[in-house]
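Heads up, the thing below is written out as structure tokens.
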Amino acid sequence: HSLRNIDELCASIVRSHRETSQFPLGELQALRWKLFSREEIQAYQSKSVDDMWQHCAIRLTDAVQYVVEFAKHIPGFRMLSQNDQIALLKTGSMEVVLVRMCRFFNTENNTVFFDGKFAGVEVFKSLASGDLITAVFDFAHDMCALKLTEQQIALFSALVLINADRPCLEDRGRVQRVQRSVELGLRHILQRDNLEGLLHKLYQRMAVLRSLCSLHMEKLRWFSQRYPLTAHSLFPPLYKELFA
Ligand SMILES: CCS(=O)(=O)c1ccc(CC(=O)Nc2nc(-c3ccccc3)c(C(=O)c3ccccc3CC(C)C)s2)cc1
């Protein structure tokens, strides 16, 4: 890997991240004090469990669709087999949405950008998944504390996705080669920014991401048992494909 290749790799991953974030950072910052009114919060809280889950599943699927686009532009991802691409997205796409949350989380009032405004945990009460939501908010808070730049979010997101330890990969060796190039890219920009210490913290966060996603899957299983009709016929196909 000559330096030129690494620079080109980083540039293409950062460009892809920028092109596949539904909102530019500036736009989200400008909206950070746009909060839901008491009436709007009441309306969310009076939704039925299955209505709110369906509502969130649609929002999450939107966010995941952009992550799929992001993955397709990571150099080397498209050279992997279709099955390996799907396997990496099945386990990694939700994790990348969670990493990206540090872009749309306001640590000053503990709110997340959702449905066009910033929402506190109370908005999600009718999901009946308080432990998942609390864990998601805590993680977002923790990620914000790292004060990642867009470049660091881009490279870390690519590393979260291209993970050769994921289950059911056909050609682990090939995924490993792409993963190593992304690791080199992340190391390169952290060394350039004199932030080697951050690398260790990011690897620690990857373990938290895995536990958050298994909590999401556990909640989804609980929900699908209680509301099989909603889960099977009203959730977006991509959500079912990736998470069910
Ligand atoms: C990501 C690109 S962006 O341009 O920055 C962007 C683009 C668009 C948005 C708007 C947006 O989709 N916000 C969502 N917020 C939440 C959410 C909801 C509960 C708490 C915390 C965040 C969504 C979810 O459904 C979600 C996300 C992660 C974990 C869990 C869930 C709940 C589900 C699984 C029941 S979608 C935000 C930011």
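In each ligand, atom 1 is the first atom listed, and ligand 1 is the first ligand listed. A quick note: this is a predicted structure, and the numbers were derived from the prediction, not measured.
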Study note, to complete from the structure: protein heavy-atom neighbour closest to atom 30 (C) of ligand 1 works out as Met94 CE, 4.0 Å
**Study point:** Residue, atom name and distance, where the atom is the protein heavy atom closest to atom 11 (C) of ligand 1
**Key:** Phe113 O, 3.7 Å
Review point. Considering residues at least two apart in sequence or located in another chain, which fulfil the salt bridge (charged side-chain N to carboxylate O under 4.0 Å, His left out) criterion with Glu218?
Key: none
Exercise for review: Check whether NZ of the Lys or CZ of the Arg Arg100 lies under 6.0 Å from the centre of the six-membered ring of Phe156 and within 45 degrees of that ring's axis.
Suggested key: no
Exercise for review: Report the nearest protein non-hydrogen atom to atom 20 (C) of ligand 1: residue, atom name, distance rounded to 0.1 Å.
Suggested key: Phe137 CE1, 3.7 Å
Check your understanding: Centroid-to-centroid, Phe124 to Phe114, below 6.0 Å?
Key -> yes
Exercise for review: Output the list of atoms in ligand 1 that are nearer than 4.0 Å to some heavy atom of Leu60, sorted by atom number.
Suggested key: 25 (O), 26 (C), 27 (C), 34 (C)
Check your understanding: Hey, is Lys219 touching ligand 1 through its side chain, its backbone, both or neither, going by heavy atoms under 4.0 Å?
Key -> neither
Check your understanding: Which residue supplies the protein heavy atom nearest to atom 3 (S) of ligand 1, what is that atom called, and how far is it?
Key -> Arg103 NH1, 3.6 Å
Exercise for review: Answer yes or no: is there an ion pair linking Lys117 with Glu40, defined by an N-O contact shorter than 4.0 Å?
Suggested key: yes
Review point. Ligand 1 versus Gln22, non-hydrogen atoms closer than 4.0 Å: side chain, backbone, both, neither?
Key: both
Practice item. Output the list of atoms in ligand 1 that are nearer than 4.0 Å to some heavy atom of Val136, sorted by atom number. Key: 21 (C), 29 (C)
**Study point:** Heavy-atom nearest option to atom 19 (C) of ligand 1, drawn from Phe124, Phe23, Phe104
**Key:** Phe124
Review point. About how many Å separate OG of Ser224 and CG of Leu229, when rounded to the nearest 0.5 Å?
Key: 11.5 Å
**Study point:** Nearest-contact summary for atom 12 (O) of ligand 1 - protein heavy atom, Å
**Key:** Arg59 O, 3.8 Å
**Study point:** Charged N-O contact under 4.0 Å between Arg103 and Glu150
**Key:** yes
Review point. For His216 and ligand 1, does the shortest N/O to N/O distance drop below 3.5 Å?
Key: no
Revision key, fill the gap. Among Ala135, Ala140, Cys56, the residue with a heavy atom nearest to atom 33 (C) of ligand 1 is Cys56
Practice item. Determine the interplanar angle of the Phe223 and Phe235 rings, folded into 0 to 90°, and report it as parallel if under 30°, tilted if 30 to 60°, perpendicular if over 60°. Key: parallel
Exercise for review: Kindly identify the option in Val112, Leu215, Ile133 whose heavy atom sits closest to atom 22 (C) of ligand 1.
Suggested key: Val112
Point to revise | Electrostatic pair Glu27-Arg32, nearest N-O below 4.0 angstrom | key: no
**Study point:** Charged N-O contact under 4.0 Å between Asp84 and Arg174
**Key:** no
Review point. What residue and heavy atom of the protein are closest to atom 14 (C) of ligand 1, and at what distance?
Key: Phe114 CD1, 3.6 Å
Practice item. Output all residues satisfying side chain to side chain contact (heavy atoms under 4.5 Å, CB included) with Gln152, sequence neighbours left out; order by chain, then residue number. Key: Leu148, Thr149, Ile189, Leu190, Asp193, Leu195, Leu198
Check your understanding: Between Asp115 and ligand 1, which residue portion shows a heavy-atom distance shorter than 4.0 Å: side chain, backbone, both, or neither?
Key -> neither
Exercise for review: Verify salt bridge (charged side-chain N to carboxylate O under 4.0 Å, His left out) between Lys72 and Glu69, making sure each step is shown before the conclusion.
Suggested key: CA-CA 5 Å; Lys72 282 158 64 176; Glu69 276 315 300; 3.0 Å; yes
Review point. Under 4.0 angstrom from atom 27 (C) of ligand 1, is there any protein heavy atom?
Key: yes
Review point. With a cut-off of 4.0 Å, which atoms of ligand 1 are near a heavy atom of Leu28?
Key: 5 (O)
